[in-house]
Amino acid sequence: MTDHMIDPMLSELERYYDTVPRVGGARAEDFGPLTLFVQEGAGWQYYARPALGGAGPAAGTAGAADVVRVLARQRELKVPESFEWVAETSPSLRPAVEAAGLHVHAHPLMVLDPAAAAAPAHPDVRLLDADDPLLAAAVTVPALAFAAPGTAVGEAGPEQLAAALAGPEAEERRARVAGMISSGRTVVAAAVRDGVVLCAGQYNPVGDVAEVVGVGTLPSARRRGLALGVTAALVARALERGARTVFLSAGDEDVARVYGRAGFRRVGTALIAEPSA
């Protein structure tokens, strides 16, 4: 694959992926065909990924030895041993990370179809400011959701949410996301019923590109259309603020079908490599 053969949309997403850690306070460490992003101070821990401009032929130079070098640095820094990339733009990286002993997870990569009709607003969904008293719950619900992946109704509900909010991690998440809201680096939407956050998510803008991230529904509240409502609110605000491209990575094929109903279409496959559990 050569640079001119890469879908322009995927090239745009590559630039986004390279920029987000930098604006999020991470420093970039150069490992030739790979870049390791390291968070400076408190905040989200980032990943290693193909160096920008390294898709196509350059991506082919990233072998298992390059991955091992990055892994050694991640262990030295005591940061997550994680690699993220797009299969279609860096096709040879998967065998390299697998040769280094990592496990690869695949996720449908989807972009909002500009011709898609706007989804109707959900009556229970609203946007949250940095000082909203429900923000801590809104950034905790997705963690409970992702602990029980899928679309089936599960057990975790308001009682489990209350217990999670009592832990120190909830305040750490709230403070981090509140700072991002205040600086314009994220927007949060939540579905709230009877004062309880049942579903929440965010979008992170960089220029005129926005990624919808972390949309999760409290497992006991699934199958009520809440995730679609939250996604619709995030998409509407992103477009209102000038986003030209809105994209996301779905958890699995079932979740991708849900996003398809919200106007997203698949353009590729996002890959995440981590040590086997």
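Just so we're clear, the structure is a prediction, and the values are computed from it rather than from any experiment.
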Review point. Taking the side chain as C-beta and beyond, is there a heavy-atom pair between L109 and E88 under 4.5 Å?
Key: no
**Study point:** ILVMFWY network linking V177 to V197, side-chain heavy atoms under 4.5 angstrom
**Key:** yes
Review point. Taking the six-membered ring for Trp, is the centroid-to-centroid distance between Y17 and F247 below 6.0 Å?
Key: yes
Review point. Do the non-hydrogen side-chain atoms of F264 and V246 ever get within less than 4.5 Å of each other?
Key: yes
**Study point:** Whether E84 side chain and A270 backbone form a donor-acceptor pair below 3.5 Å
**Key:** no
Exercise for review: With sequence neighbours excluded, tell me which residues meet side-chain contact (heavy atoms from CB on, under 4.5 Å) with T151.
Suggested key: R223, D254, V255
**Study point:** Considering all heavy atoms, the nearest V153-R222 contact
**Key:** CG2-O, 3.7 Å
Point to revise | Linked, directly or transitively: I181 and V125 (ILVMFWY side chains, under 4.5 Å) | key: no
Exercise for review: Using a 4.5 Å cut-off on heavy atoms from C-beta on, say whether the side chain of V70 contacts that of F83.
Suggested key: yes
Review point. Can you check whether G157's main-chain N or O pairs, donor with acceptor, with Q160's side chain at less than 3.5 Å?
Key: yes
Check your understanding: If we only count heavy atoms from C-beta on, is the D124 to V192 side-chain gap below 4.5 Å?
Key -> no
Check your understanding: Linking I/L/V/M/F/W/Y whenever their side-chain heavy atoms sit closer than 4.5 Å, directly or via other members, would L226 and V139 fall into one cluster?
Key -> yes
Review point. How far apart are the closest heavy atoms of A138 and A190, and which atoms are they?
Key: CB-CB, 4.2 Å
Review point. Under 4.5 Å between side-chain heavy atoms, hopping through other hydrophobics if needed: is there a path connecting Y203 to V111?
Key: no
Check your understanding: Where do T35 and L52 land on the side chain to side chain contact (heavy atoms under 4.5 Å, CB included) test, with the steps shown first?
Key -> CA-CA 8 Å; T35 299; L52 186 63; over 6 Å; no
Exercise for review: First locate atom CG of L239, then atom CG of L112, and finally report the distance between them rounded to the nearest 0.5 Å.
Suggested key: 6.0 Å
Check your understanding: Can V213 be reached from V20 by stepping across I, L, V, M, F, W or Y side chains whose heavy atoms are under 4.5 Å apart?
Key -> no
Exercise for review: Check salt bridge (charged side-chain N to carboxylate O under 4.0 Å, His left out) between R27 and all other residues, then give those that pass, not counting sequence neighbours.
Suggested key: E29, E40
Review point. With a 4.5 Å heavy-atom cut-off, do L10 and E14 have their side chains touching?
Key: no
Practice item. Nearest 0.5 Å please: distance from the CD atom of E155 over to the CG atom of L144. Key: 13.0 Å
Practice item. Examine distances only and state if a side-chain atom of D66 and a backbone atom of G63 form a donor-acceptor pair shorter than 3.5 Å. Key: yes
Practice item. Locate the shortest heavy-atom distance separating G225 from H122; write the atom from each residue and the value. Key: O-CD2, 3.9 Å
Exercise for review: To the nearest 0.5 angstrom, please state how far the OH atom of Y47 sits from the CG atom of L36.
Suggested key: 11.0 Å
Check your understanding: Within the distance-only criterion (no hydrogens, no angle test), does the side chain of H107 pair as donor or acceptor with the backbone N or O of G251 below 3.5 angstrom?
Key -> yes
Study note, to complete from the structure: Smallest heavy-atom separation, L234 atom then V188 atom, equals CD2-C, 4.2 Å
Exercise for review: Mark yes when over 12 heavy atoms from residues, nucleotides or ligands other than E240 sit less than 6.0 Å from its CD; otherwise mark no.
Suggested key: yes
Check your understanding: Are side-chain heavy atoms of L93 and V67 found at a separation under 4.5 Å?
Key -> yes
Revision key, fill the gap. side-chain hydrogen bond (donor to acceptor under 3.5 Å, both in side chains) filter on R126, not counting sequence neighbours, yields D132
**Study point:** Heavy-atom pair with the smallest gap, counting every atom of G24 and Y46
**Key:** CA-OH, 3.7 Å
Check your understanding: Has the side chain of D7 got a donor or acceptor atom that lies under 3.5 Å from a matching backbone atom of M9?
Key -> yes
**Study point:** Validation row: Y16, N204 side chains within 4.5 angstrom (heavy atoms)
**Key:** yes
Check your understanding: Which residues satisfy the side-chain hydrogen bond (donor to acceptor under 3.5 Å, both in side chains) test with E169, sequence neighbours excluded?
Key -> R173
**Study point:** Residues that R185 engages under side-chain hydrogen bond (donor to acceptor under 3.5 Å, both in side chains), provided they are two or more places apart
**Key:** S183
Point to revise | Closest contact, heavy atoms only, A64 versus A99 | key: CB-CB, 3.9 Å
Check your understanding: Rounded to the nearest 0.5 Å, how far does CG of L135 lie from CG of L128?
Key -> 6.0 Å
Review point. Are R94 and W85 close enough that some pair of their side-chain heavy atoms sits under 4.5 Å apart?
Key: yes
Point to revise | Inter-residue atom distance R193.CZ - C199.SG, 0.5 Å rounding | key: 11.0 Å
Practice item. Report the distance from atom NE2 of H105 to atom OG of S249, rounding to the nearest 0.5 Å. Key: 13.5 Å
Check your understanding: Counting only N and O atoms by type, is there a donor-acceptor contact under 3.5 Å from the side chain of S220 to the main-chain atoms of A156?
Key -> yes
Exercise for review: Could you pull out all residues at least two apart from R244 that satisfy side-chain hydrogen bond (donor to acceptor under 3.5 Å, both in side chains)?
Suggested key: E12, D208
